[in-house]
Amino acid sequence: MTPILNEALAAAAPLRAVGKVADYIPALARVDPARLGIAFCGADGIVHGAGDCDEPFSIQSISKVFTLALALQKLGMRLWERVGREPSGSAFNSIVQLESEKGIPRNPLINPGAIVVTDALIGAEGDADAAIEALLAFVRERARDAGVAVDEEVAASESETGSRNRSLAWFMKSFGNLDNPVETVVGAYFRQCAVAMSCRQLARAGLFLAFDGRDPQTGLEVCPSHRARRINSVMMLCGHYDNSGEFAFRVGLPGKSGVGGGILAIAPGHGAIAAWSPALNEAGTSAAGAAALEALVERTGWSVFF
């Protein structure tokens with residue numbers, strides 16, 4: 001895998017620093033846009049990497065995948081009464097559909113949907129701190145690394161500039177789709193998005209989704225197979241906001257991007273891939289990261305459409 005990963009990075013190299021970093025979050029504005037890394041973890045649990053694959057970065061919205069898995073574990077199908085499963089076709093922080101659809105977010109991978117999922121997890125765990133600790137414990141176990149942590153500087157930076165997310169939360173609160181106080185929920189949401197991981201850690205953490213909810217190395221069932229497939233389907237349809245169709249067209253794998261420049265992609269039956277490059281396209285997906293994943297699929301044939 002290592003030569004293939006290096007080839008994928010070489011193919012994506014012309015797109016290093018093409019686009020712009022998420023400068024609306026001050027702590028992310030300082031990240032070098034030319035960084036580029038990729039990692040793959042397969043059924044044996046061994047992680048192969050290339051480029052800047054050991055550099056921790058803010059996973060941002062990729063955290064929504066793990067929070068969704070954990071909330072479904074706690075609440076089951078009841079969660080879908082509060083959030084939909086349809087693509088939004090709008091920006092990740094749009095408020096337009098919330099008004100016409102009475103405070104029910106289109107899916108759990110856009111910001112309002114993820115805020116509802118965080119609220120549900122807080123309710124299941126008892127308070128916001130317990131919810132974040134549960135998320136960290138889940139991710140650390142999946143990544144096989146107890147060092148995964150929240151970057152508190154990034155969390156504070158997000159809180160300082162988080163007016164839009166607070167507006168989304170208040171709007172949903174007005175429709176009765178938020179149980180906890182708005183500031184409690186968004187505070188937990190900002191910390192969730194500020195989890196820092198490397199490509200190696202992220203690829204290992206997402207491995208269970210490539211093998212029907214089981215850790216293939218240990219045989220442990222992380223979630224039932226039907227749930228893993230549903231999470232993958234939501235990632236395929238909604239994982240890159242209004243860029244999801246383009247990602248499916250070019251890469252053909254379930255994936256989730258974050259404005260920190262990371263992308264987690266799932267190759268069912270093969271493994272999990274994490275790519276990172278901080279410069280984003282207009283839809284908020286890493287330009288070089290998506291190109292690296294496209295090049296990887298071309299070399300492996302792992303697209304779900306092949």
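Just the heavy atoms: all of them, side chains too, but no hydrogens, waters or symmetry mates, feed the values below. Note that the numbering runs from 1 along the sequence shown for the chain.
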**Study point:** Atom pair CD (Glu294) and CZ (Phe249), whose distance is rounded to the nearest 0.5 Å
**Key:** 9.0 Å
**Study point:** Beyond-backbone contact of Ser257 with Phe247, side-chain heavy atoms, under 4.5 angstrom
**Key:** no
Point to revise | Ser198 side chain vs Pro56 backbone, donor-acceptor pair below 3.5 Å | key: no
Check your understanding: With no hydrogens and no angle check, is any side-chain donor or acceptor of Asn107 less than 3.5 Å from a backbone partner on Glu86?
Key -> yes
Review point. From Ile25 CD1 over to Ser159 OG, what is the distance, rounded to the nearest 0.5 angstrom?
Key: 11.5 Å
Check your understanding: Which heavy-atom pair separates Ile263 from Ser286 by the least distance, and what is that distance?
Key -> CD1-O, 4.0 Å
Check your understanding: Would a 4.5 Å heavy-atom cut-off, applied to side chains only, mark Met77 and Arg230 as touching?
Key -> yes
Check your understanding: Of Ile110, Val234, Leu237, which meets side chain to side chain contact (heavy atoms under 4.5 Å, CB included) against Pro87?
Key -> Leu237
Practice item. Would you kindly say whether Lys102 and Asn177 are connected by a side-chain donor-acceptor distance under 3.5 Å? Key: no
**Study point:** Donor-acceptor pair between Tyr189 and Asp119 side chains, under 3.5 angstrom
**Key:** no
Point to revise | CD (Glu246) with more than 12 external heavy atoms under 6.0 Å | key: yes
Check your understanding: So how far is it from Ile132 CD1 to Leu121 CG, rounded to the nearest 0.5 Å?
Key -> 7.5 Å
Check your understanding: Are Thr300 and His270 side-chain neighbours, meaning at least one heavy-atom pair lies under 4.5 Å?
Key -> no
Review point. Linking I/L/V/M/F/W/Y whenever their side-chain heavy atoms sit closer than 4.5 Å, directly or via other members, would Leu207 and Ile62 fall into one cluster?
Key: no
Practice item. Check whether any side-chain heavy atom of Met172 lies under 4.5 Å from a side-chain heavy atom of Pro112, and answer yes or no. Key: yes
**Study point:** Interatomic distance, Glu101 atom CD to Arg106 atom CZ [nearest 0.5 angstrom]
**Key:** 4.0 Å
Check your understanding: Among Ile266, Leu293, Val304, which residue meets the side chain to side chain contact (heavy atoms under 4.5 Å, CB included) test with Leu253?
Key -> Val304
Exercise for review: List the steps, then state whether side chain to side chain contact (heavy atoms under 4.5 Å, CB included) holds for Phe190 with Thr118.
Suggested key: CA-CA 10 Å; Phe190 294 143; Thr118 299; over 6 Å; no
**Study point:** Presence of salt bridge, Asp179 and Arg82, under 4.0 angstrom
**Key:** yes
Point to revise | Expected output: side-chain Ser277 to main-chain Ala288 donor-acceptor under 3.5 Å | key: no
**Study point:** Side chain proximity check, Leu264 to Ile59, heavy atoms < 4.5 angstrom
**Key:** no
Check your understanding: Does Asp145 pair with Arg140 as a salt bridge, N-O distance under 4.0 Å?
Key -> no
Check your understanding: Can you check whether Ile273 reaches His48 side chain to side chain, under 4.5 Å on heavy atoms?
Key -> no
Review point. Are Arg191 and Glu158 within salt-bridge range, i.e. N to O under 4.0 Å?
Key: no
Review point. Can Glu183 and Arg166 be said to form a side chain to side chain contact (heavy atoms under 4.5 Å, CB included), step by step?
Key: CA-CA 8 Å; Glu183 201 58 35; Arg166 288 183 172 89; 2.8 Å; yes
Exercise for review: Please test Gln192 against Leu135 for side chain to side chain contact (heavy atoms under 4.5 Å, CB included), starting from the C-alpha separation and ending with a verdict.
Suggested key: CA-CA 8 Å; Gln192 161 195 319; Leu135 175 63; 3.7 Å; yes
Revision key, fill the gap. Separation between CD (Glu221) and CG (Asp212), nearest 0.5 Å, reads 10.0 Å
Study note, to complete from the structure: Heavy atoms of Gly113 and Val83 approach each other most closely as CA-CG2, 4.0 Å
Exercise for review: Tell me whether Leu36 is reachable from Leu15 by hopping between hydrophobic residues (I, L, V, M, F, W, Y) whose side-chain heavy atoms are closer than 4.5 Å.
Suggested key: no
Review point. Judged by atom type as modelled, is there a donor-acceptor pair below 3.5 Å linking the side chain of Asp52 to the main-chain atoms of Glu55?
Key: no
Review point. For the hydrophobic clusters of this structure (ILVMFWY residues joined by side-chain heavy atoms under 4.5 Å, transitively), does one cluster hold both Ile38 and Val47?
Key: no
Check your understanding: When hydrophobic residues are tied together by side-chain contacts of less than 4.5 Å, even through go-betweens, does Ile104 share a cluster with Val116?
Key -> no
Exercise for review: Cation-pi check, Arg85 to Trp80: give yes when NZ or CZ is under 6.0 Å from the six-membered ring centre and within 45° of the ring axis, no otherwise.
Suggested key: yes
Check your understanding: Does Ser163 offer a backbone N or O that forms a donor-acceptor pair with the side chain of Ser167 under 3.5 Å?
Key -> yes
Review point. Take atom NZ in Lys173; do more than 12 heavy atoms of anything else shown fall under 6.0 Å from it?
Key: yes
Review point. Do the side chains of Arg144 and Thr218 get nearer than 4.5 Å, heavy atoms only?
Key: yes
Check your understanding: Between the side chain of Ser244 and the main-chain N/O of His240, is any donor-acceptor distance below 3.5 Å?
Key -> yes
Review point. If you look at every heavy atom in Ser157 and Ala27, which pair is closest and at what distance?
Key: OG-N, 3.0 Å
Check your understanding: How long is the span from the SG atom in Cys53 to the CZ atom in Phe40, to the nearest 0.5 Å?
Key -> 14.0 Å
**Study point:** Pair Lys64-Ser61, side-chain donor/acceptor within less than 3.5 Å
**Key:** yes
Point to revise | Lys/Arg-Asp/Glu bridge criterion (N-O < 4.0 Å) met for Arg204, Asp215 | key: yes
Study note, to complete from the structure: For Leu9 and Gly37, the nearest pair of non-hydrogen atoms, with its separation, is CD2-C, 4.2 Å
Exercise for review: Report yes if the distance between the aromatic ring centroids of Phe175 and Trp170 is under 6.0 Å, otherwise no.
Suggested key: no
Review point. Can you list the steps and then say if Thr285 with Leu280 is a side chain to side chain contact (heavy atoms under 4.5 Å, CB included)?
Key: CA-CA 5 Å; Thr285 297; Leu280 311 175; over 6 Å; no
Review point. Which heavy atom of Ala120 sits nearest a heavy atom of Leu79, and at what distance?
Key: CB-CD1, 3.7 Å
Review point. Applying the 4.5 Å side-chain criterion to the ILVMFWY set and letting contacts propagate, would Leu68 and Phe211 be lumped into a single cluster?
Key: no
**Study point:** Validation row: Asp23, Leu28 side chains within 4.5 angstrom (heavy atoms)
**Key:** no
Check your understanding: Mind checking whether Phe138 and Phe208 have parallel, tilted or perpendicular rings, split at 30° and 60°?
Key -> perpendicular
Review point. Is a side-chain N or O of Trp276 found less than 3.5 angstrom from the main chain of Gly260, in a donor-acceptor match?
Key: yes
Review point. Which pair of non-hydrogen atoms, one from Val186 and one from Ala169, has the smallest distance, and what is that distance?
Key: CG1-CB, 3.8 Å
Check your understanding: Can you check whether Ala143's main-chain N or O pairs, donor with acceptor, with Gln201's side chain at less than 3.5 Å?
Key -> no
**Study point:** Electrostatic pair Glu298:Arg250 at N-O distance under 4.0 angstrom
**Key:** no
